[in-house]
Q: 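Here it is: the structure, laid out below.
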Amino acid sequence: MPELPEVETIKNELAPCIIGKRITDVVLPDSTAVKEPASDVFIRKLKGTTIETVRRRGKYLILQLSNHKFLIIHLRMTGALLFNCPGERYVRAVFHLNGRDRLAFADRRRLGVLRLIDSVGEITDKLGPDPFARDFTAAKFAERLRGRKAPIKAVLLDQHVVAGVGNMYADEILFMAKIHPLRKTNTLTANEIKAIHHAMLRVLRAAIAGKGASVDTYKRPDGNQGTAHTEFAVAHRLGKPCPGCGTLIQRLPVRNRGSYYCSHCQKL
DNA sequence: CCCGGAACCTGAAGGC
DNA sequence: TGCCTTCAGGTTCCGG
């Protein structure tokens, strides 16, 4: 499931393949992948434009085009962007570049979204800060948590608070910070918030170094998997020993999301 | 505004 | 073997 480290990896590996290239054709085997504008307009406005920059904000991928529009891609659960990978499955959209290269948007569960918009603010204004933003300090993080009564796990998943953390990295972050996922956010001490902030940056950085976690359908643009999941302490490790103390990892639902944790290292 | 729950989606996995 | 149910989780919507 693409979260910040996966989208960052896709951005890094895709950029050298597509920047400066012209979109010579767009094919939509599943036009419902396009949220806006209408799919025929989407195709018409994309054709002939050149991709100028590729950026990431939270879990969104942002392609800036020569016609001053932005192609926004959200991969949601099972989306992947495959560059010149023969034999892809579940393809919902194909972008032909320079009449030679093929960028395919594959998405088994069909929850991903493509949109073509005039201003990135339409997407980014609603998001909380990116964890790697220069001014995203522990103090700023604490400010954004203030007044929240929900479990910290649920708040970490709220993209209005911080943009980019998803279910599996939230579990890893809380394990590293030794905080129980159901802990009420407004009972966290300043030091505990600092620990979560610090863990967030460490966990996400390590996952980017591992080129993302292939726990489900995540693939890099060349079709290869990432390795970040091999470093997981708790996420998707139900019944396996905690790397810190050996206690068997448990799982409990938080807002209907599976949450993996160590009941010894993360006390409520 | 904040919170929690349901809905969207479909292949995989497990039960019988 | 095969049908059926449940699960996965990022985002959005809705009711309280």
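Reminder, nothing fancy here: chain letters follow the sequence lines and each chain counts from 1. What you see below is based on every heavy atom in this structure, not just the backbone, and it leaves out hydrogens, waters and symmetry mates. What you are looking at is a predicted structure, and each value in this text was computed from that prediction instead of being measured.
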Q: Ignoring hydrogens and angles, are the base of B:dG11 and the side chain of A:R108 linked by a donor-acceptor pair under 3.5 Å?
A: no
Q: Please classify the nucleic acid contact of A:G258 as base, sugar-phosphate, or nothing, using heavy-atom distances under 4.0 Å.
A: sugar-phosphate
Q: Does the C:dT11 base have a donor-acceptor partner in the side chain of A:R257 within less than 3.5 Å?
A: yes
Q: Would you say the ring centroid of A:F141 lies under 6.0 angstrom from that of A:F136?
A: yes
Q: Rounded to the Å, how far apart are A:H229 NE2 and C:dG9 C1'?
A: 18 Å
Q: Can you check the A:I72 CD1 to C:dG10 C1' distance for me, whole Å?
A: 16 Å
Q: Could you check whether any side-chain heavy atom of A:S214 comes within less than 4.5 Å of a side-chain heavy atom of A:K219, counting everything from C-beta outward?
A: no
Q: Compute the angle between the rotation axes at the two ends of the helix from B:dC2-C:dG16 to B:dC16-C:dG2, each taken over five pairs, rounded to 10 degrees.
A: 50°
Q: In whole Å, what is the span from the OH atom of A:Y260 to the P atom of C:dC7?
A: 12 Å
Q: Could you tell me how far apart A:M77 (CE) and C:dG9 (P) are, to the nearest whole angstrom?
A: 6 Å
Q: Within less than 4.0 Å of OP1 or OP2 of C:dG9, is there a side-chain N or O belonging to A:N256?
A: no
Q: Report all side-chain donor-acceptor pairs from residues 252-259 of chain A shorter than 3.5 Å, counting only partners two or more places apart or in another chain.
A:
| unit_1 | atom_1 | unit_2 | atom_2 | d |
| --- | --- | --- | --- | --- |
| A:S259 | OG | A:K153 | NZ | 2.6 |
| A:S259 | OG | A:R257 | O | 3.3 |

Q: Between A:E6 and A:K211, does any side-chain N to carboxylate O distance fall below 4.0 Å?
A: no
Q: Heavy atoms from C-beta onward define the side chain here; which of B:dG11, C:dT11, C:dG9 lies closest to that of A:Y90?
A: B:dG11
Q: Between A:R109 and A:Y60, which has a closest nucleotide on DNA chain C that is more 5'?
A: A:R109
Q: Base, sugar-phosphate or nothing for A:M1? Non-hydrogen atoms, less than 4.0 Å.
A: sugar-phosphate
Q: Please state how far atom CG in A:L75 lies from atom P in C:dG10, giving the value in whole angstrom units.
A: 12 Å
Q: Can you tell me the distance, in whole Å, between the CZ atom of A:R56 and the P atom of C:dG10?
A: 15 Å
Q: Over how many whole Å does the gap from A:R255 atom CZ to C:dC14 atom P extend?
A: 16 Å
Q: State whether the side chain of A:T185 and the backbone N or O of A:A150 hold a donor-acceptor pair below 3.5 Å, judged by distance alone.
A: yes
Q: Below 4.0 angstrom, which residues in residues 146-176 of chain A have at least one non-hydrogen atom near DNA chain B?
A: A:R148, A:K149, A:A150, A:P151
Q: Is any NZ, NE, NH1 or NH2 atom of the basic residue among A:E143 and A:R146 found under 4.0 Å from an Asp or Glu carboxylate oxygen of the other?
A: no
Q: Could you tell me whether the side chain of A:R237 and the main chain of A:A233 form a donor-acceptor pair under 3.5 Å?
A: yes
Q: Report the distance from atom CD1 of A:I10 to atom P of C:dG10, rounded to the nearest whole Å.
A: 14 Å
Q: Side chain of A:R110 only, please: which of B:dG11, B:dC9, B:dG5 is the nearest?
A: B:dC9
Q: Evaluate A:S263 against A:Q250 for side-chain hydrogen bond (donor to acceptor under 3.5 Å, both in side chains), listing each step before the verdict.
A: CA-CA 7 Å; A:S263 58; A:Q250 297 184 30; 3.1 Å; yes
Q: Is any side-chain N of the basic residue among A:E88 and A:R102 closer than 4.0 Å to the acidic one's carboxylate O?
A: yes
Q: Before we go on, tell me: are the rings of A:H229 and A:Y218 under 6.0 Å apart, centre to centre?
A: no
Q: Output yes when at least one side-chain N/O atom of A:H74 is less than 4.0 Å from OP1 or OP2 of C:dG10, else no.
A: no
